[in-house]
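Chain letters run A, B, ... following the sequence lines, proteins first and then strands; every chain starts at 1. The shown structure was predicted, so the numbers you read here are calculated from the model rather than taken from an experiment.
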Amino acid sequence: SQQGEEDPQALSIQEGENATMNCSYKTSINNLQWYRQNSGRGLVHLILIRSNEREKHSGRLRVTLDTSKKSSSLLITASRAADTASYFCAGYSSNTGKLIFGQGTTLQVKP
Amino acid sequence: GAVVSQHPSRVICKSGTSVKIECRSLDFQATTMFWYRQFPKKSLMLMATSNEGSKATYEQGVEKDKFLINHASLTLSTLTVTSAHPEDSSFYICSASGAREQYFGPGTRLTVT
């Protein structure tokens with residue numbers, strides 16, 4: 001399978017709450033990235049965390065990477081209704097060099 | 001950041017016809033472009049890697065005669081869905097390799113009736 005696993009698959013929270021999404025992968029990857037996709041639209045690159053990094057922040061986003069567990073998490077703090085979207089992790093396969101996507105988490109932030 | 005465009009954004013066609021989707025890198029040259037397919041509420045599945053000036057390489061299970069890819073220039077790759085059937089209805093997204101990362105197009109919604 002090309003894809004990694006993400007959980008939860010769907011997440012519904014109230015505005016102002018934090019949202020945490022997890023991603024796990026089976027194959028060895030380089031430089032894990034997180035993308036956002038609004039319904040029916042293209043992908044927006046959110047943040048990249050390199051293989052030798054453990055945590056990275058960007059605004060309200062916090063990403064962690066645990067290469068030993070082959071997992072990553074994306075935390076969105078103080079969520080807003082406009083954060084409603086699907087979120088995907090992706091990493092470049094060390095074997096093939098191709099970008100492999102996780103299955104995604106659909107986040108709904110209720111106003 | 002780098003911009004990738006796709007045209008058309010939406011297309012409806014009749015079963016049996018062929019549809020061409022264009023992917024352009026607007027402000028950079030891309031020797032490699034990628035085509036993905038996305039089913040509703042699902043993730044992106046890589047279909048093929050498009051290399052400028054050479055044949056595309058297809059992922060396992062993707063019919064190369066069904067999904068024709070042409071990468072004729074450093075800024076344009078096209079995906080032609082030949083003899084389209086309703087099961088080809090999907091969201092098709094392209095991306096282009098830039099210096100630091102892949103840049104994604106906005107996607108094309110194909111509906112085959």
_To the nearest 0.5 Å, what is the distance between CG on L43(A) and CD on Q38(B)?_
7.0 Å
*Counting a contact as any heavy-atom pair under 4.5 Å apart, which residues of residues 48-81 of chain A contact chain B?*
none
*Heavy-atom count around I12(B) CD1 within 6.0 Å, excluding the residue itself: above 12?*
no
_Distance in Å, L46(B) CG paired with K98(A) NZ, rounded so as to fall on 0.5 Å steps_ = 6.0 Å
_Tell me if the NZ atom of K64(B) is crowded by more than 12 foreign heavy atoms within 6.0 Å._
no
*CE on M45(B) to CZ on F101(A), rounded to 0.5 Å*: 11.5 Å
_Whether S43(B) side chain and G102(A) backbone form a donor-acceptor pair below 3.5 Å_ = yes
*Could you state whether I47(A) and M21(A) fall into the same hydrophobic cluster, counting links through intermediate Ile, Leu, Val, Met, Phe, Trp or Tyr residues with side-chain heavy atoms under 4.5 angstrom apart?*
yes
*Taking a hydrophobic cluster as the set of Ile, Leu, Val, Met, Phe, Trp and Tyr residues connected by side-chain heavy atoms closer than 4.5 Å, whether directly or through intermediates, do L68(B) and V62(B) fall within one such cluster?*
no
*asked:* Is there a path of hydrophobic side-chain contacts, each under 4.5 Å between heavy atoms, that joins Y58(B) and Y92(B)?
replied: yes
*asked:* Let me check something: do I29(A) and L46(A) share a hydrophobic cluster, defined by ILVMFWY side-chain heavy atoms less than 4.5 Å apart, either directly or through other members?
replied: yes
*asked:* If you compare all heavy atoms of F104(B) against all heavy atoms of L99(A), which two are closest, and at what distance to 0.1 Å?
replied: CZ-CD2, 3.8 Å
*S39(A), G40(A), S86(A): which one forms the most heavy-atom pairs within less than 4.5 Å of chain B?*
G40(A)
_Gap between atom NE2 of H45(A) and atom CD of E101(B) - 0.5 Å precision_ = 4.5 Å
_Are the side chains of K42(B) and Q103(A) in contact, using a 4.5 Å heavy-atom criterion?_
no
*So Q102(B) and Y92(A), side-chain contact (heavy atoms from CB on, under 4.5 Å) or not? Walk me through it.*
CA-CA 10 Å; Q102(B) 278 184 225; Y92(A) 288 99; 3.4 Å; yes
*asked:* Looking at every non-hydrogen atom in both residues, tell me the closest pair between F91(B) and Q37(A) and how far apart they are.
replied: CE2-NE2, 3.8 Å
_To the closest 0.5 Å, what do you measure between OG (S9(B)) and CZ (R41(A))?_
9.5 Å
*Linked, directly or transitively: I93(B) and F88(A) (ILVMFWY side chains, under 4.5 Å)*: yes
